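Notes for the one structure printed next.
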Amino acid sequence: MPNFKCKRLNDIQLPFEKDGVEFLWSAYGENVQLIFTRIEQEKFFLQIKQDKQKKEWLIKGEKHTKPSQIGYLQKALMVFKQSFTQDILNEAIALKHTRLVKKTSLIANSLKELLEQIYNKEKIYIEIGFGSGRHLLYQAKNNPDILVIGVEIYTPALEQVAKLALSQNITNILLIQTDARLLLSVLKSNLIDKIFLHFPVPWDKKPHRRVVGENFVNECARVLKKDGKFELRTDSFLYFDFTLNSFLQLPCLNALVKKNENLEISSKYEDRWKKQNKDIYDLIISGFDESKELSSFEKFAIEDMNFNQEELMQIERKFKNEVFKGQDYFLHLENIYKTKDGNIIKIAFGAFYKPEHIYIKLDLNGVEFIFGKPFKTKENLRAMEKLREILCFYKN
């Protein structure tokens, strides 16, 4: 991530604006200062960390708030360096003045960006763990009227498949780096036509690590249309059997089973397994009930909280780094920062398999999610209920 080090830090008077970069306010933690920064519509923190032993300062972007376009961060660091520092020791900024770094429109930078693009689509497929992208690109090329969403956790796979799509003039795909379970949990009900899960890591000795599980099955049933389908293709009989039994927990469904079916397109893994004479199993689930929509109006438990000055001081005094675990969620209170008129708390929370990190501002006006509210998944809602309980304890 872009950063630089310096020996001297000048007095920082905020708010400050230069060349379209705004430094609006700051917050202070132990040896760390956060600068709330805005460029156009992007908002993020610069982080200033002091090394008292070496008597130097490290200035960089705060990793959980970094902007989607890295060029914004580079520009903010350049302006900050020129305006507030002296005696630069080293830097890794490399700002290109010609343009900001932009990603292809085939890759969504966040779940929110993806959601904005898909709700006007009539037909949507999802492929989980698309790897080299052979099957995903095949589906997109042969179904030009369908948006094919590809979900991967490895960034290089996204970039590789996006390049292949552009070289083949395929534009009806949208790729995202996320956990598929989190994606499903924030989609509207009855939205998706097909979900593909081809050759997932079998985790035969650690089944708890599989993407398929009770919550996954329930979310598939909720987001798939009444005539939608879930399709598993695997060389692991244990994974096939586990998935079938997981879906059999639903009140009604149809299950089609195939063995060693040759498809028009095969992945590199399938080619490898066939050379080894391994069996390939297909499981196609359909016949889902029409689902009820998720509640979109439910508030987070902390949203109606209020504080006076004494309570804010009590929270600051009593705060400590600690982790709370529920049955299906966790809450980690990481850091507290002091602002001119209140406190900022950084927390990690939500589902164990996909934690979120956010900053929450507490002042006389109440509670503010500084970079936008998190998704209202059941795990996030429960974590916020726990946070309310803790804050009530702190302030009394």
Side-chain angles (χ1 to χ4, degrees), residues 24-30 32 34-38 43-45 47 62-66 110-112 115 178-179 181-183 185-188 215 293-396:
L24 299 177
W25 50 265
S26 63
Y28 298 85
E30 188 176 356
V32 174
L34 301 176
I35 304 292
F36 184 79
T37 306
R38 182 170 63 198
K43 302 172 185 177
F44 53 95
F45 278 136
Q47 179 177 291
E62 197 282 322
K63 66 179 180 179
H64 292 119
T65 66
K66 63 183 179 181
S110 66
L111 281 170
K112 289 181 180 179
L115 295 177
T178 190
D179 188 293
R181 293 165 290 189
L182 180 59
L183 171 63
S185 71
V186 300
L187 291 175
K188 287 185 177 180
N215 286 342
E293 190 55 82
L294 283 175
S295 172
S296 60
F297 54 83
E298 187 173 359
K299 280 188 174 183
F300 287 114
I302 63 170
E303 287 191 77
D304 60 354
M305 293 191 74
N306 293 298
F307 310 93
N308 59 40
Q309 197 62 52
E310 177 59 31
E311 289 170 338
L312 292 170
M313 293 171 64
Q314 285 279 72
I315 290 171
E316 185 183 359
R317 282 195 294 266
K318 293 181 179 179
F319 180 91
K320 59 181 178 178
N321 185 316
E322 54 186 333
V323 178
F324 303 88
K325 293 182 179 180
Q327 184 175 356
D328 58 354
Y329 77 91
F330 80 100
L331 171 67
H332 181 191
L333 304 181
E334 294 189 3
N335 292 300
I336 190 166
Y337 302 87
K338 181 68 178 173
T339 68
K340 170 175 74 171
D341 51 5
N343 303 312
I344 290 178
I345 296 177
K346 182 183 180 183
I347 66 170
F349 68 104
F352 295 104
Y353 58 82
K354 187 63 177 178
E356 292 194 53
H357 294 81
I358 63 170
Y359 284 88
I360 298 174
K361 188 176 184 180
L362 313 178
D363 58 26
L364 297 178
N365 294 317
V367 176
E368 177 188 352
F369 294 90
I370 296 176
F371 298 100
K373 295 179 184 179
F375 290 107
K376 291 177 182 175
T377 64
K378 60 180 183 295
E379 296 89 355
N380 287 353
L381 288 164
R382 288 169 184 166
M384 289 297 132
E385 289 173 1
K386 185 63 179 179
L387 180 59
R388 180 189 177 91
E389 176 187 324
I390 295 164
L391 291 177
C392 287
F393 171 75
Y394 280 172
K395 73 178 188 175
N396 293 325

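Not measured: the values here are computed from a predicted model.
- When side chains are defined from C-beta on, Y394 counts as touching F319, because their heavy atoms get closer than 4.5 Å.
- Other residues, nucleotides and ligands place no more than 12 heavy atoms under 6.0 Å from the CD atom of E30.
- Annotation: K338, atom NZ; neighbour count of heavy atoms from other residues, nucleotides and ligands within 6.0 Å is above 12.
- K43 has its side chain within reach of F36: a pair of non-hydrogen atoms, C-beta onward, lies under 4.5 Å apart.
- Annotation for K66: atom NZ does not count as buried by contact number, only 12 or fewer foreign heavy atoms lying within 6.0 Å.
- Shown are I344, I315, L362; of these, the side-chain contact (heavy atoms from CB on, under 4.5 Å) with I336 is made only by I315.
- Of all heavy-atom pairs spanning M384 and A301, the tightest one is O-CB, 3.8 Å.
- Distance CG/L312 to CZ/R317: 10.5 Å, rounded to 0.5 Å.
- Remark: K395 NZ to F307 CZ distance equals 5.5 Å, nearest 0.5 Å.
- When all heavy atoms of G350 and A383 are compared, the pair lying nearest together is N-CB, 4.1 Å.
- Annotation: cation-pi geometry not satisfied between K346 and Y337 (NZ/CZ under 6.0 angstrom from ring centroid, within 45° of ring axis).
- Taking each heavy atom of N306 and E311 in turn, the nearest pair found is O-OE1, 3.7 Å.
- Among V367, N380, L387, the one residue that satisfies the side-chain contact (heavy atoms from CB on, under 4.5 Å) test with F300 is N380.
- Put simply, the side chain of N396 does not reach to within 4.5 Å of the side chain of Q314, judged on heavy atoms.
- Considering only heavy atoms from C-beta on, R181 stays 4.5 Å or farther from N215 through its side chain.
- For the pair T178 (side chain) and L183 (backbone), a donor-acceptor distance under 3.5 Å is absent.
- With values rounded to the nearest 0.5 angstrom, E368 atom CD is found 14.5 Å from Y359 atom OH.
- With rounding to the nearest 0.5 Å, the separation of CG in D363 from CG in D341 is 5.0 Å.
- Side-chain contact check for L331 versus E322: every heavy-atom pair is 4.5 Å or farther apart.
- Between I302 and F369 the shortest side-chain heavy-atom distance falls below 4.5 Å.
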What verdict does the side chain to side chain contact (heavy atoms under 4.5 Å, CB included) test give for T377 and Y329, after you've listed the backbone C-alpha separation in whole Å, the side-chain angles of each residue and the deciding distance to 0.1 Å? CA-CA 10 Å; T377 64; Y329 77 91; over 6 Å; no
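- Looking at heavy atoms from C-beta onward, L391 lies in side-chain contact with I345 at the 4.5 angstrom threshold.
- Among all heavy-atom pairs drawn from D304 and R388, the shortest one is OD1-NH1, 2.7 Å.
- By the 6.0 Å contact criterion, CZ on F393 is open, its count of non-hydrogen atoms from other residues, nucleotides or ligands being 12 or less.
- Listed here is the closest heavy atom pair of A351 and E379: N-CB, 3.7 Å.
- Of the possible polar contacts, one joining the E62 side chain to the H64 backbone as a donor-acceptor pair under 3.5 Å is found.
- Shortest non-hydrogen contact noted between P374 and E356 is CB-OE1, 3.6 Å.
- Environment of NZ in K325: sparse, with no more than 12 heavy atoms of neighbouring residues, nucleotides or ligands closer than 6.0 Å.
- Using a 4.5 Å heavy-atom threshold, the side chains of C392 and M305 count as touching.
- Taking a cutoff of 4.0 Å between a charged side-chain nitrogen and a carboxylate oxygen, E389 and K386 qualify as a salt bridge.
- One finds the CD1 atom of I347 at 9.0 Å from the CZ atom of F330 (value rounded to the nearest 0.5 Å).
- Note that CD1 of I360 and CG of N343 are 12.0 Å apart. Values are rounded to the nearest 0.5 Å.
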